[in-house]
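Below: the structure, in structure tokens.
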2 protein chains.
Amino acid sequence: MNKILKLNTRDKTTLLRTPFMASLGASAQARMLEIATVMSYEARDILFREGEAADSFYCVLNGYVRLFRLNKDGREADIRICGPGDTFAECLLAMGDHYLYNSQAAETITVARFELQKVRALAEQEKDVAKAIIQCLSNHLRNTMDCIANDRLQTAPQRVAHYLLDNCPQEGSSASIRLPFQKSLLAGKLGLAPEALSRAFSSLRRAGVTVRGRIIQISDISALKQI
Amino acid sequence: MNKILKLNTRDKTTLLRTPFMASLGASAQARMLEIATVMSYEARDILFREGEAADSFYCVLNGYVRLFRLNKDGREADIRICGPGDTFAECLLAMGDHYLYNSQAAETITVARFELQKVRALAEQEKDVAKAIIQCLSNHLRNTMDCIANDRLQTAPQRVAHYLLDNCPQEGSSASIRLPFQKSLLAGKLGLAPEALSRAFSSLRRAGVTVRGRIIQISDISALKQI
DNA sequence: CGCGAGTTTGAATCCCGTCAAGTTTAGTGG
DNA sequence: CCACTAAACTTGACGGGATTCAAACTCGCG
């Protein structure tokens, strides 16, 4: 199932490039590396479930992780999709010892794991760590509030257009994007059923969006902004 | 329009009872009080608008504040309703100098205002302050993620039932709740149009929910949990 | 080449938003 | 304390957007 790995050089550099770790001073970085564990999971593996006793938070090194909740009928709703560099379950650092949602590997992934207690202790000593936590929570909160606003204000085609524009390599009138994950994952991220995403893409054809597999061509970026 | 008030004794004790301030040590509390400004607004006053230069974050002392976004058609969507003790715009402490949403007084309110720069400086010196910020952001993030999950998983009557149960005075088989604000505000908080809230209430009648003005009677709490 | 997961498309349904009207509530001033 | 008015809320009718189910299709991989 999942493997505990030694922290190799490549993982170490990936970890240090993470927004969370990159902002730390040298001594704080070293101490965080000391307490880091790297783990790997296969597609569809569950990292943890909602309500389980929580002892760690995570940082994605490779691949994508899906955070989701279940309603009592067993229907799933994604709360967040975490990619390389993203941390999750950090809000347990302040308080709470049970995970608030389920987390699942969307593909083969490697993650770094940090024991909450050790990081709490470290945050007491190293001001950098506390600052990095604040930074991290703030970003996360910002994104989550944006997500609520988008859910409540935008239709499916608008959400897709918004996602595409957010992931466009800046300037030029046209662009080409390669989705970093399956369409069904994007659907969940945008709060849509896969069918709704598919329909949204086809309704964006008239705005110059062409989809072939994971490759998305945008012929007119400014037209997309009008959606 | 809005008034800048002197920090009177009553506001001071209110402020100190706030989750954010209550967790601080005595010296940190004193220094926060020093830099606090109390302001008052009338119903419908705008505190700030999305995109404006931001220099402060806020803590609600009295009344309710609505945080919302606009889409380009001018439609509004509430992101959060803040009541006494809640802080907002704290995520700007880490980064960003423009407000991310609009904020409006839902009634006559008093709020405490803290300049971001001063608080940032204080957080450097007083570890308590950094910890309180982390606490605050964590809570806020938790609530916001819950909100997304609820939006995506629950129907209108379920959201209302959920809200009622969250605000029930714990045990007993029946309960009575008085809404602390207008129904239209609750509707926004739950991501619904006022009409949808009204219909949700009437569909909950069969589950033993009776609404008269702001007073809501729940005859069978366990029945409500089944919704 | 063929299998299976992922995706697309169609049809039916449902939930919610919007508009319009009627009803209740709350706040004001006599 | 009551009457009056504006705001808040409720109710009905309608439409649109999204979910669900089912089936066809495509792509990637063995």
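So you know, we letter chains A, B, ... as the sequences are listed, proteins then strands, and number each from 1.
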Would you say the rings of Tyr101(A) and Phe88(A) are close, in the sense that their centroids are separated by under 6.0 Å?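 No; Tyr101(A) has its ring centre 6.0 Å or more from that of Phe88(A).
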
Give one of base, sugar-phosphate or nothing for Arg44(B), where a contact means two heavy atoms less than 4.0 Å apart.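 Here Arg44(B) touches the backbone only, sparing every base.
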
Could you tell me how the ring of Phe48(A) sits relative to the ring of Tyr99(A): parallel (under 30°), tilted (30 to 60°) or perpendicular (over 60°)?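 Judged by the thresholds at 30° and 60°, the geometry between Phe48(A) and Tyr99(A) is parallel.
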
Lys/Arg N to Asp/Glu carboxylate O, Asp78(A) vs Arg152(B), below 4.0 Å: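 Arg152(B) and Asp78(A): not salt-bridged.
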
Regarding Arg113(B) and Asp55(B), does a basic nitrogen lie under 4.0 Å from an acidic carboxylate oxygen?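 A salt bridge is present here (some side-chain N lies under 4.0 Å from a carboxylate O).
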
Name the residue closer to the 5' end of DNA chain D, choosing between Ser202(B) and Gln182(B) according to the nucleotide with the nearest heavy atom.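 Going by which nucleotide is closer to the 5' end, it is Gln182(B).
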
Under 4.0 Å from a heavy atom of chain A: give me the 5'-most and 3'-most nucleotides of DNA chain C that qualify.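 Going 5' to 3' along DNA chain C, contacts run dG6(C) to dA11(C).
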
Integer-rounded Å distance: dT10(D) C1' and Leu204(B) CG: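 In whole Å, dT10(D) C1' lies 15 Å from Leu204(B) CG.
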
Verify whether one side chain among Arg66(B) and Gln104(B) offers a donor that lies under 3.5 Å from an acceptor in the other.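 Checked: Arg66(B)/Gln104(B) side chains pair up, N/O donor to acceptor below 3.5 Å.
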
Examine the side chains of Ser56(B) and Glu115(B) and answer whether a donor and an acceptor come within less than 3.5 Å of each other.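 No - no donor-acceptor pair under 3.5 Å links their side chains.
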
Would you give a per-nucleotide map of nucleotides 13-29 of chain D, 5' to 3', where B means the base has a protein non-hydrogen atom under 4.0 Å away, S means only the sugar-phosphate does, and - means neither? B----SSBB--------

Nearest-0.5 Å distance, CD1 of residue Ile177(B) to SG of residue Cys168(B):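 Between atom CD1 of Ile177(B) and atom SG of Cys168(B) there are 4.0 Å.
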
Euclidean distance, His162(A) NE2 relative to Leu190(A) CG, rounded to 0.5 Å: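 With rounding to 0.5 Å, CG (Leu190(A)) is 10.5 Å from NE2 (His162(A)).
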
